[in-house]
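All remarks here apply to the structure that follows.
These values consider heavy atoms only, across backbone and side chains, with no hydrogens, waters or symmetry-generated copies. A note on names: the letters A, B, ... follow the listed sequences, proteins ahead of strands, and every chain is numbered from 1.
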There are 2 protein chains.
Amino acid sequence: MQLSKSSQYAIRILSYMANHKDSKVMTATELSEKLDIPYKFLTKIMTDIVKAQLVISIRGRDGGYAFAREPSEILINDILEIFHDAIEDEQCVLGIGFCNGITKCALHDQWMEPKMLMQKMFRESTLEKIAGQGCKI
Amino acid sequence: MQLSKSSQYAIRILSYMANHKDSKVMTATELSEKLDIPYKFLTKIMTDIVKAQLVISIRGRDGGYAFAREPSEILINDILEIFHDAIEDEQCVLGIGFCNGITKCALHDQWMEPKMLMQKMFRESTLEKIAGQGCKI
DNA sequence: TTCAATTACTACTTATGGGTAGAAATTAAA
DNA sequence: TTTAATTTCTACCCATAAGTAGTAATTGAA
Ligand code: SF4
Ligand code: SF4
């Protein structure tokens, strides 16, 4: 019942970057140190995020990472999708899924509401909104 | 964002047993076949559930598993605790946890509500209630 | 007592997520 | 052109979850 480390790290990294928009690019070394994320793991994750076109990477000296689009245009859900961690509509708390209306279990109806709230949280929260609240993570 | 297979299977097994209270004991073979759960994995899980004293086991001929207490006295959360899958009060959607009120992130407040709903779902749903609704899983 | 039916135990294998190592590619500046 | 600072790529290693195999222990009945 938790996000994968990759998603957790990714959210923290991009939140941190959104909170420091003054510095145009941030290096993997800085992010790794400030956020206490293993350097090698961080660069692996960042490569995925670059491929998903949420950020761009600048290689070579004075290189680093910068946003490809405005943080106001990036949703938490965009990050989760990269790591296959987004909550699907059919996703079942028991991992069975696709029960029809007749055979559904007693947990089904109770699962709908928290699921929708989490989907809403992920699908409507932008990085800018998070940064705006002075996120310290 | 999903329960472990062990928890998923355990909920399904005990729900099935609660739905068939007429037959006093159920064998691992029957449960495995009816619920399509690998036999060897099922017996491993059941041993844990027996140790947690939710069910008793009867060894030898005509043996099997039976409830140690009434299904009305067993909560989903009791099952989740066996496999360390229960949602703790401090549990954080980002896996960081223990943020104080000042440094909390923007997701924190939005996380509270779905978390509480899930805790409520697990802590207040009894096996009997589930069985009463004709659970087919 | 012997047998067959059962769970429990020990130990292994496989799959996946998390993490690491080293070298290659790229780039700005000296 | 050389160098140092950076990301990227390929290939691993480690820990944990998921699943399997074989055998021991238990028990009711023939
Ligand atoms: S009815 Fe129960 S098992 Fe089926 S999809 Fe809904 S929550 Fe999952
Ligand atoms: S403030 Fe954010 S990171 Fe901290 S415990 Fe709450 S949800 Fe997790």
Is any side-chain heavy atom of B:Phe122 less than 4.5 Å from a side-chain heavy atom of A:Val93? yes
Linking I/L/V/M/F/W/Y whenever their side-chain heavy atoms sit closer than 4.5 Å, directly or via other members, would B:Phe67 and B:Ile11 fall into one cluster? yes
Look only at the side chain of A:Lys115 and the backbone of A:Asp89, and say whether a donor-acceptor pair between them is shorter than 3.5 Å. yes
Find the distance between CG (B:Leu75) and CD (B:Glu128) and round it off to the nearest 0.5 Å. 11.5 Å
Contact between A:Ile79 and A:Asp85 at the side-chain level, heavy atoms closer than 4.5 Å - yes or no? no
Ordered by number, residues from residues 40-53 of chain B within less than 4.0 Å of DNA chain D (heavy atoms) are B:Lys40, B:Phe41, B:Lys44
Measure the spacing between OG of A:Ser6 and NE2 of A:His84 and express it to the nearest 0.5 Å. 11.0 Å
In a check of side chain to side chain contact (heavy atoms under 4.5 Å, CB included) between B:Met17 and each of B:Val25, B:Leu31, B:Leu127, which one passes? B:Leu31
Separation of D:dG19 atom C1' from B:Gln8 atom CD, nearest Å, is 15 Å
Along DNA chain C, first and last positions that approach a heavy atom of chain B under 4.0 Å: C:dA5 to C:dC9
Under 3.5 Å, is there a donor on one side chain and an acceptor on the other for B:Gln110 and A:Ser125? yes
Between the side chains of A:Gln119 and A:Asn77, does any donor sit under 3.5 Å from an acceptor? no
Starting from the first five and the last five pairs of the helix from C:dT1-D:dA30 to C:dA30-D:dT1, work out the angle between the resulting helix axes, to 10 degrees. 10°
Please classify the nucleic acid contact of A:Tyr9 as base, sugar-phosphate, or nothing, using heavy-atom distances under 4.0 Å. sugar-phosphate
Sorted by number, the residues of residues 21-33 of chain A with heavy-atom contact under 4.0 Å to DNA chain D: A:Thr27, A:Ala28
Go through residues 58-68 of chain B and report each residue with a non-hydrogen atom lying under 4.0 Å from DNA chain D, sorted by number. B:Arg59, B:Gly60, B:Arg61, B:Asp62
A:Ser32 and A:Pro38: which non-hydrogen atoms are nearest, and at how many Å? OG-C, 4.1 Å
side-chain contact (heavy atoms from CB on, under 4.5 Å) assessment of A:Arg69 paired with A:Gln53: CA-CA 8 Å; A:Arg69 359 177 194 137; A:Gln53 296 183 299; over 6 Å; no
Please collect all ring-ring contact (aromatic ring centres under 6.0 Å, His included) contacts where either partner lies in residues 23-57 of chain B, sequence neighbours excluded, each pair once. B:Tyr9-B:Phe41
Assess whether salt bridge (Lys or Arg N to Asp or Glu O under 4.0 Å) is satisfied between A:Lys21 and A:Glu70, documenting all intermediate values. CA-CA 10 Å; A:Lys21 266 188 72 181; A:Glu70 289 300 309; 2.9 Å; yes
Of all heavy-atom pairs between B:Ile49 and B:Ala10, which one has the smallest distance, and what is that distance? CD1-CB, 3.8 Å
Is any side-chain heavy atom of B:Met46 closer than 4.5 Å to one of B:Tyr65? yes
